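Heads up: numbering here begins at 1 and tracks the sequence. As the structure is a prediction and not an experimental result, all values here were calculated from the model.
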Amino acid sequence: YNRKYWKIPIVYGALGITAGVFSYNIKEYNKVRFAYFALLNNDTPSFARVAPELQPFITGNALSSLRNYRDEFRKNIDYSVLFFLIFWGVQVIDATVDAHLKGFDITNELSMKVKPAFNILPHGIGAGLSFSFSLQKEHFKHHELSDLSP
């Protein structure tokens, strides 16, 4: 809706990469978990179904290494979900802010001037600063603010 098509590859890239990392980690986690439980339960018929890259762990009876490997994939799953949610949230915030600022006037007719101001008050002379804002619309043309300090 905001016609900022250059953001599409960034959004889909960030979300797609984190979803791909999640999918990869789930697949590897399940393979390592199967090998871990096969070795933990000493389920020798299941040893043949363990992934080939994990066979050295089975033959070396490296239960703690498989547990560490499994825990590492579990941590990576959590991180990939966290980053997916962060990227999705940033995209939602960006779209919301962009939608709110879509009608914001950024013409060259916007200006601000700061001038010294002197006012005569009943109890003396007040000095301060005058801020003059000039906007495009006529009914907002000239606003002045003064700090009247005696």
Strictly distance-based, threshold 3.5 Å: is any side-chain N or O of Asp98 a donor or acceptor partner for the main-chain N or O of Asp94? no
Please report the C-alpha distance between Val21 and Asn76 in whole Å, then the side-chain angles of each, then the deciding distance to 0.1 Å, and finally whether the side-chain contact (heavy atoms from CB on, under 4.5 Å) criterion is met. CA-CA 8 Å; Val21 169; Asn76 291 342; 5.9 Å; no
Full working for side-chain contact (heavy atoms from CB on, under 4.5 Å) between Phe22 and Asp78: CA-CA 8 Å; Phe22 173 78; Asp78 294 342; over 6 Å; no
With rounding to the nearest 0.5 angstrom, report the CZ to CZ distance, Arg67 to Phe37. 11.0 Å
Nearest 0.5 Å please: distance from the OG atom of Ser64 over to the CZ atom of Phe57. 10.0 Å
Are there more than 12 heavy atoms of other residues, nucleotides or ligands under 6.0 Å from atom CZ of Phe34? yes
Evaluate Tyr12 against Lys7 for side-chain contact (heavy atoms from CB on, under 4.5 Å), listing each step before the verdict. CA-CA 9 Å; Tyr12 283 117; Lys7 291 182 181 181; over 6 Å; no
Sole residue of Ile58, Leu54, Thr44, Val50 in side-chain contact (heavy atoms from CB on, under 4.5 Å) with Leu39: Ile58
Output the distance between atom CZ (Arg33) and atom CZ (Phe73), rounded to the nearest 0.5 Å. 13.5 Å
How long is the gap from OG1 on Thr18 to CZ on Phe83, to the nearest 0.5 Å? 9.5 Å
State plainly whether one hydrophobic cluster holds both Leu15 and Val92, where clusters connect Ile, Leu, Val, Met, Phe, Trp and Tyr through side-chain heavy atoms under 4.5 angstrom apart. yes
With no hydrogens and no angle check, is any side-chain donor or acceptor of Gln55 less than 3.5 Å from a backbone partner on Phe47? yes
Establish whether Tyr69 and Leu40 are linked, either directly or via other cluster members, by ILVMFWY side-chain heavy-atom contacts under 4.5 Å. yes
So is Arg70 actually on top of Tyr36's ring, under 6.0 Å and inside 45° of the axis? yes
Side-chain touch Val81/Phe84, heavy atoms, less than 4.5 angstrom: no
So do His100 and Thr96 actually touch side chain to side chain, heavy atoms under 4.5 Å? yes
Point-to-point distance, once rounded to the nearest 0.5 Å, from CD1 of Ile26 to CD1 of Ile77: 3.5 Å
With hydrophobic residues grouped by side-chain heavy-atom distances under 4.5 Å, do Tyr29 and Leu63 end up in a single group? yes
Between Glu53 and Glu28, is any pair of side-chain heavy atoms under 4.5 Å apart? yes
Are side-chain heavy atoms of Phe87 and Val11 found at a separation under 4.5 Å? no
